[in-house]
Amino acid sequence: MCLSLTRKQSMKSPLAKALFRIDGVAAVFFGPDFVTVTKSSDDMPWGEMKPEIFSAMMDFFASGAEILDELAEGAADTHINEDDSEIVALIKELLDTRIRPAVQDDGGDINFVDFDEDSGVVMVKLQGACSTCSSSKVTLKSGVENMLMHYVPEVSEVVAVDAEEDDN
């Protein structure tokens, strides 16, 4: 399970709260066996942030506390709902079983946002390391889009939406 938290959502996690107390931290992303911290700007060098980040993480893990105060929902974005079309169900299944594990291996995650059946466009949100990675566009087009178009002929394109666009 992966969880991306903004400063506003950090109340769910004592670790995220500790990390957001560090100047320059913009986002925190928890994966099954990793933590990704995104800095807010290039003004704050990683060299200055790393010791504080490591210290906050070591203190947290030494405490034995749970990462989340309450159990987070699983991958709700790829949960197949009753009203999902066959195409959407197949897209969600491919994202969950084939694409998401590969993206998580690189410290990120991919979430299903929507599918426009008229245009064939699949909208996804990249999280964690994948949201800021310079090669994420190549991964999105060469990997995700090619796989979805191969297995789901109705898919014409895959586009990434910004977190701000999706959080309305």
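All residue numbers in this chain count up from 1 along the given sequence.
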For Pro14 and Phe60 the tightest heavy-atom approach is CB-CE1, 4.0 Å

Name all residues meeting the side-chain hydrogen bond (donor to acceptor under 3.5 Å, both in side chains) criterion together with Ser156; count only those two or more places apart in sequence or in a different chain, and write none if there are none. none

Quick one: side-chain hydrogen bond (donor to acceptor under 3.5 Å, both in side chains) partners of Glu93, sequence neighbours excluded? none

Using side chain to side chain contact (heavy atoms under 4.5 Å, CB included), reason through Phe112 and Val88 one step at a time and then give a plain yes or no. CA-CA 10 Å; Phe112 175 80; Val88 169; 4.0 Å; yes

Roughly how far, to the nearest 0.5 Å, is the CZ atom of Phe54 from the CE atom of Met57? 7.5 Å

Answer yes or no: is there a side-chain heavy-atom contact under 4.5 Å between Leu15 and Val28? no

Side chains of Leu19 and Val35 in contact at under 4.5 Å (non-hydrogen atoms): yes

Evaluate the criterion side chain to side chain contact (heavy atoms under 4.5 Å, CB included) for residue pair Phe115 and Val158; output intermediate values, then yes/no. CA-CA 9 Å; Phe115 174 66; Val158 177; over 6 Å; no

To the nearest 0.5 Å, what is the distance between CG on Asp116 and CD on Glu154? 13.0 Å

Is the shortest side-chain heavy-atom distance between Leu95 and Arg100 below 4.5 Å? no

State whether the number of non-hydrogen atoms from other residues, nucleotides or ligands found under 6.0 Å of Asp23 atom CG is greater than 12. no

Which residues pass the salt bridge (charged side-chain N to carboxylate O under 4.0 Å, His left out) test with Asp84, not counting sequence neighbours? Lys92

Contacts of type side-chain contact (heavy atoms from CB on, under 4.5 Å), residue Ala89, not counting sequence neighbours: Ile80

Sequence-distant partners of Lys39, side-chain hydrogen bond (donor to acceptor under 3.5 Å, both in side chains), two or more places apart: none

Could you go through the side chain to side chain contact (heavy atoms under 4.5 Å, CB included) check for Val37 and Ile22 one step at a time? CA-CA 11 Å; Val37 176; Ile22 299 168; over 6 Å; no

Distance from Glu117 atom CD to Ile87 atom CD1, nearest 0.5 Å? 5.0 Å

Taken to the nearest 0.5 Å, the spacing of Leu90 CG from Leu148 CG works out to 8.5 Å

Spacing of Met123 atom CE and Asp114 atom CG [to the nearest 0.5 Å]: 4.0 Å

Quick one: CG on Asp96 to CD1 on Ile110, what's the gap to the nearest 0.5 Å? 11.5 Å

For Ala16 and Ser13 the tightest heavy-atom approach is N-OG, 3.1 Å

With sequence neighbours excluded, what pairs up with Arg98 under the side-chain hydrogen bond (donor to acceptor under 3.5 Å, both in side chains) test? Tyr151

